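Below is one structure, written out as structure tokens; the observations come after it.
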Amino acid sequence: MIISPFTPLFFPEIKVDGIDSRYIQTFATSDEILVEVIGLASEGTPTASIICEPSQDVLCNIQFSQWDINANDRLFFATLNLSPGLYSVQIGDKRSTIFRITDNEAVLEKTTLIQYSMANNRQRKDAVFFIDGMQRFFDFRVPGGFKDSNWSFGVESEQFTTAESDIVQLYGLESTQKKFTLGLSDGCPIWFGELLNRLLTCTYVYFDGQRYARKDAAVPEITSLLDGLNSFVFSIQVQKVANIDPTLTMQHQAIMRRVIDNNYRLVTDNINRLIN
């Protein structure tokens, strides 16, 4: 059995040198943590539990739903909705790093919710995005966001110059690229950058409800905060997807919405996350 690497939790396999990052992965109470385990149809349901931290008491066992991918492979999946606190997840002999659930607005204001999915199940063998015909999105909340100083502008155009040196614009289409910064002053563990690079291979990627795509072959740039400290800041160039099938985008926003009102995860008194 494998835990899908698209699952937004980290299950470390080896001990690394250096000082661990102080950042604790954070989710909002409204986020849905989708956990996927892929195994053989002949295998039994994996044992899994939610652990309260730091006491390490078992809060409850995770009850996986099942879906047959094909005649040989089976998906075990569960969506975690937890109240505020510190937790880890145990699946078989693998324990995730500690993560935090919070409804603190001051903390959530400094985070961005990234949601991602593929157009079908054929592009990856290590994750399932459509279950019984219903599309699923993973929720990955990260520290950071877009800085105004990291915008850049581009254009694709065709022009004609007259005999009098006047320029006639025949065709033009502008674009705006933005650099997404993952990590605040304390940085975050290296696996945040790994998952960011992986999720940007998905067909549909939304940052706080707005669809973006990786610009060309951009990969996360790594900034080390201090030698010997396993905490980093990542940045990557992305471009907003604004003109492709707005009806599909509205359908995705309906699937991704985690609250029952007109606001898209409103965490402050302003309305900058309102769905128009």
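Since this is a predicted model, take the numbers as computed values, not measurements.
A distance of 11.0 Å separates CD1 of Ile38 from CD1 of Ile3, quoted to the nearest 0.5 Å. From Arg100, atom CZ reaches atom CD1 of Ile24 across 6.0 Å, with rounding to the nearest 0.5 Å. Annotation: the span from Gln115 atom CD to Gln253 atom CD amounts to 10.0 Å, rounded to 0.5 Å. Taking CZ from Phe137 and OG from Ser117, the interatomic distance works out to 4.5 Å, rounded to the nearest 0.5 Å. Thr223 OG1 to Leu182 CG: the interatomic distance, rounded to the nearest 0.5 Å, is 11.5 Å.
In terms of the salt bridge (charged side-chain N to carboxylate O under 4.0 Å, His left out) criterion, Asp73 has no residue partners (sequence neighbours excluded). For the side-chain contact (heavy atoms from CB on, under 4.5 Å) test, residues two or more places apart in sequence or in another chain that qualify with Leu170 are Glu158, Phe160, Val168.
Donor-acceptor pairing under 3.5 Å is lacking for the side chains of Ser96 and Gln25. A donor and an acceptor atom, one from each side chain of Gln177 and Ser175, are located under 3.5 Å apart. Residues Thr7 and Glu36 have side chains that never bring a donor and an acceptor to within less than 3.5 angstrom of each other. A donor atom on one side chain and an acceptor atom on the other are not found under 3.5 Å apart for Gln239 and Lys178. Donor-acceptor pairing under 3.5 Å is recorded for the side chains of Tyr206 and His252. Inspection of the Thr249 and Arg211 side chains reveals no N or O donor paired with an N or O acceptor under 3.5 Å.
With hydrogens and angles disregarded, a donor-acceptor distance shorter than 3.5 Å links the side chain of Asn70 to the backbone of Asn72. Checked by atom type and distance alone, the side chain of Asp31 never pairs as donor or acceptor with a backbone atom of Asp139 at under 3.5 Å. Proximity of a side-chain donor or acceptor of Asn197 to a complementary backbone N or O of Glu194 within less than 3.5 Å is not detected. Of the possible donor and acceptor atoms, none in the side chain of Ser88 sits under 3.5 Å from a partner among the backbone N and O of Thr97. Using modelled atom types, no side-chain atom of Thr161 and backbone atom of Ser165 make a donor-acceptor pair closer than 3.5 Å.
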**Prompt:** Where do Asn120 and Phe129 land on the side chain to side chain contact (heavy atoms under 4.5 Å, CB included) test, with the steps shown first?
**Reply:** CA-CA 7 Å; Asn120 52 58; Phe129 300 93; over 6 Å; no
**Prompt:** Between Phe27 and Phe140, does a ring pair (Phe, Tyr, Trp, His ring centres under 6.0 Å) hold up when you go through it step by step?
**Reply:** CA-CA 8 Å; Phe27 293 95; Phe140 181 41; 7.4 Å; no
**Message:** Please determine whether side chain to side chain contact (heavy atoms under 4.5 Å, CB included) holds for the pair Val233 and Thr181, giving the CA-CA distance in whole Å, both sets of side-chain angles, and the decisive distance to 0.1 Å.
**Reply:** CA-CA 7 Å; Val233 175; Thr181 300; 3.8 Å; yes
**Asked** When you look at Leu196 and Ile114, which way does the side chain to side chain contact (heavy atoms under 4.5 Å, CB included) test go after all the steps?
**Response** CA-CA 9 Å; Leu196 177 65; Ile114 307 177; 4.1 Å; yes
**Request:** Start with the C-alpha distance between Gln90 and Ser49, add both sets of side-chain angles, then the distance that settles side chain to side chain donor-acceptor pair (under 3.5 Å), and finish with yes or no.
**Result:** CA-CA 5 Å; Gln90 181 85 34; Ser49 57; 6.0 Å; no
**Message:** One pair to check against side chain to side chain contact (heavy atoms under 4.5 Å, CB included): Leu59 and Ile51. What are the steps and the verdict?
**Reply:** CA-CA 5 Å; Leu59 175 66; Ile51 311 297; over 6 Å; no
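Between Phe10 and Trp191, the angle of the ring planes stays under 30°, which puts this pair in the parallel group of the 30/60° scheme. Ring geometry for Phe138 versus Tyr116: interplanar angle under 30°, hence parallel rather than tilted (30 to 60°).
In this structure, Gln169 places its CD atom where more than 12 heavy-atom neighbours from other residues, nucleotides or ligands lie under 6.0 Å away. Gln159 CD: more than 12 foreign heavy atoms inside a 6.0 Å radius.
Nearest approach of Ile255 to Gln135, heavy atoms of both residues: CG2-O, 3.8 Å. Heavy-atom minimum distance, Phe153 versus Thr176: CD2-OG1, 3.7 Å. Here the closest heavy-atom approach between residue Cys202 and residue Phe6 is recorded as SG-CE2, 3.7 Å. Across Leu200 and Ile236, no two heavy atoms sit closer than the pair CD1-CD1, 3.5 Å. Of all heavy-atom pairs between Ser152 and Gln237, the closest is OG-NE2, 3.1 Å. Across Ala119 and Tyr204, no two heavy atoms sit closer than the pair CA-CE1, 3.7 Å.
There is no path of hydrophobic side-chain contacts, each under 4.5 Å, that joins Ile62 to Ile98. Taken together through direct or relayed side-chain contacts under 4.5 Å among Ile, Leu, Val, Met, Phe, Trp and Tyr, Leu226 and Tyr23 form parts of separate hydrophobic clusters. Under a hydrophobic-cluster definition in which Ile, Leu, Val, Met, Phe, Trp and Tyr are linked whenever side-chain heavy atoms come within less than 4.5 Å, directly or via other members, Phe234 and Val238 are assigned to the same cluster. Cluster membership check: Phe99 shares its hydrophobic cluster with Val37, using side-chain heavy-atom separations under 4.5 Å among Ile, Leu, Val, Met, Phe, Trp and Tyr. Placement of Leu229 and Leu184 in two distinct hydrophobic clusters is found when ILVMFWY residues are connected by side-chain heavy-atom separations under 4.5 Å, directly or transitively.
Side-chain rings of Phe146 and Phe207 approach one another, their centers coming within less than 6.0 Å. Between Phe180 and Tyr212, the distance separating the two ring centers is not shorter than 6.0 angstrom.
Among residues at least two apart or in separate chains, salt bridge (charged side-chain N to carboxylate O under 4.0 Å, His left out) pairs with a member in residues 39-60 are Glu53-Arg95.
Here the side chains of Val128 and Arg136 are not in contact, with every heavy-atom distance at 4.5 Å or above.
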